[in-house]
Student: 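Below you will find the structure I want to go over with you.
Small disclaimer: the values here were computed from a predicted structure and weren't measured. Throughout, a chain's letter reflects where its sequence line sits, starting with A, and its residues are numbered from 1.
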Protein chains: 2
Amino acid sequence: MRHVAALAGVGIKTVSRVMNDEPGVSEETRQRVLGASQQLNYQLDMAAGSLRRAGRRTLSIGLLLPSVSNPFSGEIHRALEDSLAARGIAVFAASLDDDPEREKALVAAFLGRRVDGLVLTPIAKSQSYVIPEHSRDLPMVFIDREPVGIEADAVVTDNAVGSAMAASHLIAQGHSKLAYLGDRTDIQTARERRRGFIEEVGRAGIATSSVPVLEGLHDEDSARRAALQLLTSEDPPTAIFSSQNLVTFGVMRALKELGASKRVALVGFDDFTLADMMEPGVTVIAQHPDRIGKLAAERLLARIDGDHGAAQTYVVPSELITRGSGELPPPE
Amino acid sequence: MRHVAALAGVGIKTVSRVMNDEPGVSEETRQRVLGASQQLNYQLDMAAGSLRRAGRRTLSIGLLLPSVSNPFSGEIHRALEDSLAARGIAVFAASLDDDPEREKALVAAFLGRRVDGLVLTPIAKSQSYVIPEHSRDLPMVFIDREPVGIEADAVVTDNAVGSAMAASHLIAQGHSKLAYLGDRTDIQTARERRRGFIEEVGRAGIATSSVPVLEGLHDEDSARRAALQLLTSEDPPTAIFSSQNLVTFGVMRALKELGASKRVALVGFDDFTLADMMEPGVTVIAQHPDRIGKLAAERLLARIDGDHGAAQTYVVPSELITRGSGELPPPE
DNA sequence: CTGAAAGCGCTAACAA
DNA sequence: TTGTTAGCGCTTTCAG
């Protein structure tokens with residue numbers, strides 16, 4: 001900047017004014033400065049600026065996701081990016097891999113980079129460790145799961161409602177022998193999905209104790225094996241609800257192996273690519289990661305802009321998409 | 001930092017030493033400083049540090065991808081993240097959407113944040129606009145596509161070789177009436193894939209002029225329509241090669257609509273989730289985004305660490321994965 | 001409309 | 001082993 005000022009024959013502050021589009025510079029001076037900066041290939045150093053700038057804004061935020069390679073996370077990331085780009089805010093993204101220790105380490109890493117805000121999918125048992133920062137006014141929005149031990153904004157899917165929708169849809173097709181296949185039980189959303197499903201089953205007058213609940217299925221293969229066992233048991237269910245993508249894939253494989261794809265009904269939580277190309281198409285409760293990301297961005301920006309209202313949880317509705325597998329009737 | 005120093009009753013530089021794990025501090029002093037910093041909930045400001053630090057390292061890099069919501073990009077992102085996390089380097093990711101203007105704007109945005117390096121999928125006609133920075137020693141690695149107008153490291157898939165593999169595989173199954181369905185022709189990888197495919201067809205003694213080449217298929221539906229038209233034409237091909245995921249999906253839909261999935265052979269470039277669950281399973285030329293990401297990270301780190309060797313292009317081999325659709329024989 | 005001086009939080013260089 | 005001083009590139013404040 002010094003060099004540009006020297007070349008343009010002006011004071012350093014004038015260069016700063018021009019580079020930041022501040023008013024109070026004559027058009028002529030402005031052009032001279034612009035010329036000099038181009039000639040020197042000069043580029044403002046944001047980091048140095050934020051050191052002194054009011055509010056210390058770095059125009060960057062941190063985003064903690066289960067994994068940047070997970071399509072659901074990718075969509076959220078993209079929606080956030082789009083909403084924040086308009087304000088010139090860049091996004092640091094990182095993957096948690098369901099590891100509470102990583103969550104803490106990554107939050108610390110982002111704090112050290114002085115991000116203007118944090119959007120995160122909590123995985124640690126409690127988020128109380130960020131209370132100091134949050135009360136020091138670090139904007140923070142939790143997504144997908146609500147935080148524990150701290151009052152902060154959250155944007156979540158209506159997991160229980162969506163799962164209840166799945167149950168009532170299967171029951172409406174005439175099924176009474178249902179089964180629930182679920183994810184790790186230490187994940188809040190998984191528990192919510194089970195609760196919503198089971199409660200709806202009870203509400204329909206079916207004995208909830210008669211519904212097999214197989215949980216802790218952390219990957220495709222464990223889900224596949226659980227489904228195989230269930231389907232070859234003495235009194236197999238005629239309809240299955242799977243609480244998550246990988247579980248759904250596992251169930252689909254089991255059904256295919258048994259040649260039961262067109263006989264046993266299936267509804268999965270979470271939509272996925274090519275679901276409509278399967279045979280039959282897979283009925284799902286679709287989440288809306290794009291809306292989650294957009295809403296999270298809006299809340300974060302509001303907080304960054306000084307909104308000090310009470311913390312709120314925003315719920316994004318899920319949606320039943322019928323494609324065939326969930327509409328298979330029970331056998332006679 | 002001043003406050004911590006005051007509370008611990010030491011000089012500011014001693015605090016700096018402790019926070020950066022530098023040697024030359026007695027264990028006792030160290031503990032006192034650590035105590036004080038915890039009490040004040042102090043956290044080193046990386047940005048301020050890099051202002052003075054030798055080499056001005058910010059411990060962050062920029063990553064420009066087609067879109068962070070695209071699974072292929074997500075895998076690359078993840079591999080990079082994993083390789084760089086060990087060095088405490090954080091990743092800024094951004095989406096280009098095949099927009100050359102965005103490429104330039106985002107590169108500028110990252111330069112303003114003084115990233116230590118850049119990994120990017122080039123889309124602009126030429127990358128000569130970054131020559132000034134690159135020659136000023138900004139580490140830069142191009143992925144997926146080679147840069148134009150600048151000599152810099154690149155990590156790419158062997159697009160032509162992979163496509164040739166697809167051609168020879170189909171020919172080996174007895175097909176002689178092949179067709180090529182491709183992406184936008186302004187994308188380098190798409191042109192390479194066509195070249196590899198067509199050249200191999202010629203090498204096998206088939207008149208390349210007899211092979212329909214349908215290009216500019218930028219999304220699923222345009223690919224679907226192109227395939228429908230092709231397959232319902234007078235002398236339809238018995239085997240199709242699609243140059244990219246979305247094109248493959250479009251072709252799959254067309255085949256399904258015509259009930260020809262088990263009659264017309266298909267090989268697609270790029271692997272995708274559930275490809276093996278389709279009916280028949282879809283044979284693909286799989287790329288290895290994880291290896292691309294890892295290699296790119298290694299090259300970038302080497303450059304950051306001062307490697308000034310000549311720019312090189314690293315080629316990651318693709319792989320033929322047979323699942324059924326590519327092994328369908330031609331009709332009698 | 002313009003510029004000089006101070007200082008953001010930190011690290012390099014040097015001194016004690 | 002520890003501390004002091006200068007200064008990174010910028011923005012703020014305040015004076016012309």
Student: Looking only at side-chain atoms of R2(B), point me to the closest of dG9(C), dG9(D), dG3(C).
Tutor: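 For the R2(B) side chain, the nearest candidate turns out to be dG9(C).
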Student: Tell me whether E151(B) at atom CD has more than 12 heavy atoms from other residues, nucleotides or ligands lying less than 6.0 Å away.
Tutor: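 Open.
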Student: Ignoring hydrogens and angles, are the base of dG3(C) and the side chain of R17(A) linked by a donor-acceptor pair under 3.5 Å?
Tutor: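 Donor-acceptor pair under 3.5 Å: yes.
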Student: With side chain to side chain donor-acceptor pair (under 3.5 Å) as the test, pick out the partner of Q287(A) among T189(A), N159(A), T157(A).
Tutor: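 For Q287(A), the side chain to side chain donor-acceptor pair (under 3.5 Å) check succeeds only for T157(A).
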Student: Using a cut-off of under 3.5 Å, enumerate the N/O to N/O pairs linking the protein to nucleotides 5-7 of chain C.
Tutor:
residue : atom : partner : partner atom : Å
dG7(C)  : O4'  : R52(A)  : NH2          : 3.4
dG7(C)  : N2   : R52(A)  : NE           : 3.0
dG7(C)  : N3   : R52(A)  : NE           : 2.9

Student: Would you call E81(A) and R102(B) a salt bridge, taking side-chain N to carboxylate O under 4.0 Å as the test?
Tutor: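 Looking at E81(A) and R102(B), the cut-off is met.
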Student: Regarding G24(B), tell me which of base, sugar-phosphate or nothing describes its non-hydrogen contacts under 4.0 Å with the strands shown.
Tutor: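 The answer is base, as G24(B) lies within the cut-off (heavy atoms under 4.0 Å) of a base atom.
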Student: Out of dC10(D), dG9(D), dT1(D), which nucleotide sits closest to the side chain of L51(B)?
Tutor: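 Taking heavy atoms from C-beta onward, the closest nucleotide is dG9(D).
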Student: Give the nucleotide from the list dT11(C), dG9(C), dC10(D) with an atom nearest to the side chain of N20(B).
Tutor: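 The closest nucleotide is dT11(C).
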Student: Does OP1 or OP2 of dC8(D) have a side-chain N or O of R114(B) closer than 4.0 Å?
Tutor: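 No, no such contact exists.
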Student: Cut-off 3.5 Å, side chains only: do R113(A) and T58(A) have a donor facing an acceptor?
Tutor: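 Side-chain D/A pair, R113(A) to T58(A): absent.
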Student: For S50(A), which contact category applies under a 4.0 Å heavy-atom criterion: base, sugar-phosphate, or nothing?
Tutor: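 Nothing, no heavy atom under 4.0 Å.
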